[in-house]
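All ligand and atom numbering here is 1-based and tracks the order in the structure. What's counted below: heavy atoms across the whole structure, side chains too, no hydrogens, waters or symmetry copies.
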Amino acid sequence: MRIEDPNVLAALPALPVERQEHVSLAELTYLGIGGTTDLLRIGKHESIPALLELLDRQAIPHKFIGGGSNLLVIDGELPFVVLQLAKAENEVVIEGNFAHVDAAADLGRMVTYCAKNDLGGMEGLIGVPGTVGGALRMNAGAYGTQIGSYVREVKVYRAKERQIETLHGDQISFEYRHTSFAPDDMMLAVKLELPSKTYPEILKGIRLCNEKRRASQPLGQKSAGCIFKNPPGGSAGRMIDELGLKGFYVGDARVSDRHANFFVNAGQAAAVDMLALISNVRERVNRAYGVSLENEVVVWNA
Ligand code: EPU
């Protein structure tokens with residue numbers, strides 16, 4: 001979608017919001033799939049209410065992207081513009097056992113930075129790609145660690161109230177790959193409370209998780225991580241594997257040979273191929289196990 005309205009275009013620089021035209025979402029997502037649209041990079045959290053009011057007034061649909069690591073976007077000219085926070089200058093500020101982190105910060109870099117300041121707890125998250133904001137929104141987790149356990153405050157743009165608020169940790173519920181944030185809330189910053197540990201001790205944990213991940217996940221390939229959430233008490237990857245579906249494909253969308261809950265873009269996969277693979281596998285699992293797998297990947301199809 002192209003923003004053509006002269007009033008909107010004239011208002012953006014002062015906010016400040018930088019507009020990039022005809023950006024390919026294939027380049028902004030780890031799956032490497034997705035069509036084109038205008039990208040609006042937000043330079044200052046405080047300008048978000050005014051920006052959204054401007055877009056809403058002109059009926060310009062919009063979606064908010066974090067790191068693009070858990071996202072499947074349809075192809076072609078997209079019927080919405082995409083908003084993204086620009087990188088902040090001091091994205092992590094440590095104060096005792098607290099880390100104040102900008103939502104646009106890279107999750108892995110944040111974990112490493114905290115580790116170097118003798119703050120641990122998040123070793124399991126080290127290989128999880130994406131931004132801190134994205135991890136917060138869906139309560140990212142791995143190897144027994146979930147980011148939600150460490151959250152004390154979140155600065156968020158609440159779409160319904162049209163304002164920026166700071167929520168205390170106990171006002172937010174963090175569950176398995178799910179939080180109580182509304183879908184159009186925007187994560188802006190977080191205050192984490194982390195246990196003190198020595199850097200070498202944290203590094204040991206980080207290395208262990210990295211090894212486990214390297215041994216079981218297709219790290220070098222284009223994917224959105226796990227496609228499905230695990231059903232209660234079960235494992236989506238194991239079920240898909242047991243059905244002999246590793247290597248199963250639609251076009252260039254393929255079930256990974258290494259981990260059956262990772263679907264990879266093995267070349268020039270189209271979004272429809274990936275969506276067809278997802279629904280085909282879901283149906284087979286449902287038929288065999290009577291379990292309806294829920295997407296973990298976020299799909300932007302309208
Ligand atoms: N398994 C198979 N075949 C496979 C994949 C897995 O038999 O192809 C078996 C494994 O041998 C193991 C069980 O299934 O016994 C569970 O597998 P794994 O330890 O790889 O964990 P997972 O449940 O598949 C979850 C998260 C991952 C996270 C890992 C490590 C979900 C949906 N996935 O995977 O998170 O990295 O644990 O903690 O919760 C993600 O969220 O995108 C993601 C990759």
Side-chain angles (χ1 to χ4, degrees), residues 29-33 65-73 106-108 110-111 120-150 174-179 181 187 202 204-249 253-266 274 277-278 280-282 284-286 288-289 291-300:
T29 56
Y30 279 59
L31 262 176
I33 298 175
I65 195 170
S69 57
N70 194 40
L71 188 58
L72 169 56
V73 185
D106 176 79
L107 180 66
M110 182 274 282
V111 173
M122 299 184 293
E123 292 82 335
L125 293 175
I126 190 69
V128 177
T131 59
V132 169
L136 261 182
R137 149 158 299 292
M138 63 163 322
N139 191 19
Y143 304 110
T145 306
Q146 299 188 96
I147 192 166
S149 319
Y150 302 104
F174 289 99
E175 291 149 46
Y176 168 65
R177 302 293 195 274
H178 179 79
T179 61
F181 293 113
M187 309 297 112
I202 301 170
K204 230 161 85 186
I206 284 178
R207 290 206 174 114
L208 201 70
C209 292
N210 272 338
E211 272 165 36
K212 284 194 205 162
R213 197 181 287 281
R214 261 198 301 274
S216 64
Q217 299 182 0
L219 299 189
Q221 288 179 278
K222 290 181 185 170
S223 86
C226 285
I227 283 286
F228 300 112
K229 294 183 185 182
N230 283 333
S235 161
R238 185 184 295 140
M239 290 193 284
I240 300 166
D241 193 357
E242 278 172 3
L243 292 176
L245 293 174
K246 278 184 169 167
F248 181 53
Y249 63 91
R254 184 178 285 268
V255 177
S256 160
D257 291 321
R258 187 167 268 253
H259 193 301
N261 197 12
F262 280 63
F263 292 9
V264 300
N265 173 2
M274 193 55 80
L277 186 66
I278 293 171
N280 198 314
V281 170
R282 178 184 287 113
R284 285 166 188 254
V285 168
N286 201 347
Y289 296 90
V291 171
S292 177
L293 293 175
E294 205 183 308
N295 279 3
E296 196 208 82
V297 66
V298 174
V299 180
W300 283 356

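Arg284 and Asn280 share a side-chain donor-acceptor pair at under 3.5 Å.
For OH of Tyr249, the number of neighbouring non-hydrogen atoms (other residues, nucleotides, ligands) closer than 6.0 Å is 12 at most.
Using modelled atom types, one side-chain atom of Ser69 and one backbone atom of Pro129 make a donor-acceptor pair closer than 3.5 Å. Judged purely by atom type and a 3.5 angstrom limit, Asn139 uses its side chain to pair as donor or acceptor with the backbone of Gly148.
Using a heavy-atom distance under 4.0 Å as the criterion, the protein contacts of ligand 1 are Ala142, Tyr143, Tyr176, Arg177, Arg213, Gln217, Gly225, Cys226, Phe228, Asn230, Ser235, Gly237, Arg238, Asp241, Lys246, His259, Ala260, Asn261, Phe262, Glu296.
For the atom pair Arg254 CZ and Lys222 NZ, the distance stands at 14.5 Å (nearest 0.5 Å).
With sequence neighbours excluded, the residues satisfying side chain to side chain contact (heavy atoms under 4.5 Å, CB included) with Met239 are Pro231, Val285, Tyr289, Val291, Leu293.
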